Structure formats: C-alpha cells, structure tokens
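Data first, discussion second: the structure below is written as structure tokens.
Both counts, for ligands and for their atoms, begin at 1 and track the order of listing. Note that the structure is a prediction, hence the values are computed from the model and not measured.
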Amino acid sequence: MRVLLTGGAGFIGTHTAVALAEHGHEPVVLDDLSNASEEAVRRAAAIAGLEIPLVVGDAGDAAVVGRAIADHGIEAVIHFAGLKAVGESVAQPLAYYRVNIGSAVATLEAMAAHGVDRFVFSSSATVYEQPGAGLREDAPVGIDLGNPYGRTKAMIEAIVADAAAADPALRAAVLRYFNPIGAHPSGEIGEDPKGVPNNLVPFLAQVAAGERASLRIFGDDYPTPDGTGVRDYIHVLDLAEGHVAALEALEPGVLVANLGTGRGGSVLEVLRAFEAAVGHDLPHEVVPRRPGDAAISTADPSRAHELLAWRATRTLDEAIADTWRWQQRNPRGFRG
Ligand code: UFG
C-alpha cells in the first residue's frame with residue numbers, strides 16, 4: 001500500500017516508515033519539519049533501501065494533504081502529526097487544539113475528498129481517565145485528563161468515531177501508545193528532542209552523555225515496589241510494527257488497541273538498565289513528585305494480540321542499549 005505518514009519525519013514516524021518498507025509498503029512522509037528533520041527521513045530511506053518521498057507542508061491544511069494524496073496515489077494515512085509536550089500544552093492550550101484537532105480534521109477531510117478510507121491514528125494511554133496497571137481498552141476515556149495535550153487525543157478519538165459513524169466505508173484504527181523508547185539498532189535514527197527533554201529516557205541519555213548533570217527522580221514515595229513511578233516502556237520498533245499490523249487489519253469501523261508490552265518498569269529499573277548499557281553509575285537524586293504524574297500506567301495488550309496478531313517482543317534492556325547507541329553516534333541528534 002502507498003501510505004501517507006503525516007508527521008512522519010518524527011521519532012515514531014521514521015521508524016514506522018522503515019517498518020512499512022520492510023513489509024512491502026511504500027511510505028510517503030508529509031511533515032512541516034517544525035519538530036523534525038529532513039535528515040531523519042533520508043536516513044530512514046537509507047535503512048529501508050528505498051526512496052521515501054518527503055512533502056514539506058502542514059497537515060492542518062486539507063489542500064496540502066489532498067495534494068500529497070493525489071500526487072502520490074495514497075491508499076492509506078497514518079496520522080502522527082501533532083504537538084506532544086504535556087507541560088507546553090498547559091501553557092499554550094489553543095495551539096494544541098488548533099494544531100492537533102485541526103490537523104486530524106483536515107487530514108480526514110482530505111481523505112474523504114480523495115476517496116481514501118484507511119486511517120490509523122496516534123493516540124495515547126493518556127486518554128484513560130484512571131491510570132493504573134493492565135489498562136484495557138474498555139476502561140473509561142474522557143476529557144477530564146488534567147492537561148490539554150491528553151484532551152486533544154481523546155477528542156480526536158471521538159472525531160474519528162463520529163467520522164466512521166457517518167461514513168461506513170471508513171476503516172480506522174486508534175492506537176493508544178504507552179511509553180515509546182529506544183531507537184533503530186543501526187544507531188542511524190532515534191529520538192531527537194528539542195531543548196531539555198521532558199521524558200525519562202531521552203533525559204537519561206543526555207545525563208549518560210555528560211550533557212546534563214544528574215537525573216532527577218520525580219518521587220520515590222509512590223505505592224509501587226520500589227517507590228518510583230512505573231510505566232509500560234515499549235521499543236519504538238515494536239510500536240512501528242504495531243502500526244503495520246493495524247494497517248493490514250483495518251476493517252470498516254474503528255478498531256481501538258493499546259500498543260504496550262504489558263510489563264511495567266520503574267524509574268529505578270530504567271536507570272539501572274541505562275547504567276548497565278553505559279558501564280558505570282549515573283548521577284541521580286530524588287526530588288518531589290512531578291505534578292500530574294500517575295504512580296503506574298501499564299497496558300493489557302491482549303486486544304492488539306487478538307485483533308492485530310501483534311505483540312511487543314523487545315526487552316527494556318534492548319531498548320536502552322539501542323537508545324545509548326543512537327545517543328553516542330549522534331550527540332547532536334540530526335544536527336550532525
Ligand atoms: N521521570 C523522572 N525524571 C525525569 C522524567 C521522568 O523521574 O526527568 C519519571 C516520571 O515521573 C514517570 C516516568 O519517569 O514516573 C516516565 O516519565 P515520562 O515523562 O518519560 O513519561 P510519562 O509517562 O509521564 O509521559 C508519557 C508520554 C506523554 C503522555 C503521558 C501520559 O510521554 O505523551 O505518558 O500518558 F501524555
């Protein structure tokens with residue numbers, strides 16, 4: 001299939017482009033490069049061994065998306081485009097609603113105008129109103145989520161459901177990501193955060209590289225085995241393969257699936273895995289909890305296994321080793 005990846009020059013998009021190519025599909029990237037680089041797409045193409053066309057443009061403009069669809073004979077769209085920083089979304093909520101909601105609506109409109117009916121959406125575990133262990137897809141989802149970023153994901157899920165109800169031809173998948181980490185094992189593509197990373201693994205990578213003094217562990221008094229927060233860390237290649245499986249399993253209507261491993265890792269376990277990859281201890285200190293953080297968030301991934309014949313196979317240690325390889329080879333990310 002010829003697949004348009006909106007926001008496809010980013011961390012998850014580039015890895016998904018490689019996975020699509022490995023499964024015989026033809027990825028085309030549409031990205032405004034506001035938080036991604038052309039070099040990432042070039043490297044993904046080199047790994048995949050094929051040309052990956054890059055259309056530089058705004059997925060919030062239905063005419064731009066429509067042109068990309070027409071020019072490249074697109075048959076399916078994976079919609080990654082959007083802003084993704086939780087803290088920033090609290091400070092700039094309107095930008096999050098405009099960009100995230102606007103790009104989802106514009107993309108769906110452009111698809112409808114061009115008769116494209118396969119759609120996969122990047123959602124998040126953040127849509128669950130009550131975080132916890134072994135979250136199932138039928139757990140309550142709502143907009144009472146504490147931050148505008150999460151709300152945009154829940155709202156777009158509702159928009160996709162409404163679009164599918166109105167158009168029986170639409171075949172959609174909503175994929176709720178847990179915590180994507182890792183990098184391609186080649187060390188050629190990986191996560192390239194702008195400024196100070198918000199997320200644990202990219203921050204630790206910079207501590208390991210000596211660019212940041214010390215990891216701040218946000219609380220060790222949670223009701224978890226070692227007192228630190230527990231998350232379901234999933235290797236980005238497993239996540240990427242989940243998108244390919246979802247694309248190939250689409251049926252009329254909306255399929256909703258968690259993409260997670262089902263296993264929890266604590267902040268201290270991630271720190272230890274990183275220390276093992278690096279070969280020495282890493283500076284860290286315990287500080288108060290970060291407002292809004294849950295004690296635990298892990299998936300029940302059984303629905304994805306049943307419906308997509310997919311499951312995550314890579315370990316936390318592999319993901320951390322791949323992150324460290326990427327970080328060492330690309331200390332300045334894609335800036336060279
Ligand atoms: N943590 C630290 N120190 C840091 C960064 C994180 O101790 O410097 C801890 C957090 O408290 C948490 C764990 O590491 O326990 C993971 O934190 P991340 O920021 O890496 O990930 P979150 O689970 O908070 O965030 C993820 C996604 C968001 C999504 C959110 C809620 O990155 O997009 O889950 O589902 F909104």
If the criterion is any heavy atom closer than 4.0 Å to an atom of ligand 1, which residues make the list? Val86, Thr126, Tyr149, Asn179, Asn198, Asn199, Leu200, Leu215, Arg216, Ile217, Phe218, Gly229, Arg231, Tyr233, Val267, Arg290, Asp293
Without hydrogens or angle criteria, can the side chains of Asn330 and Arg325 be said to hold a donor-acceptor pair below 3.5 Å? no
Measure the acute angle between the ring planes of Phe119 and Phe121, then classify it against the limits of 30° and 60° as parallel, tilted or perpendicular. parallel
Using only heavy-atom distances, determine whether the side chains of Tyr97 and Arg151 contain a donor-acceptor pair under 3.5 Å. yes
Min side-chain heavy-atom separation Leu108-His79 under 4.5 Å: no
Any cation-pi pair here, Arg289 with Tyr222, using under 6.0 Å and within 45°? yes
Keeping to residues at least two apart or across chains, list the salt bridge (Lys or Arg N to Asp or Glu O under 4.0 Å) pairs with something in residues 97-119. none
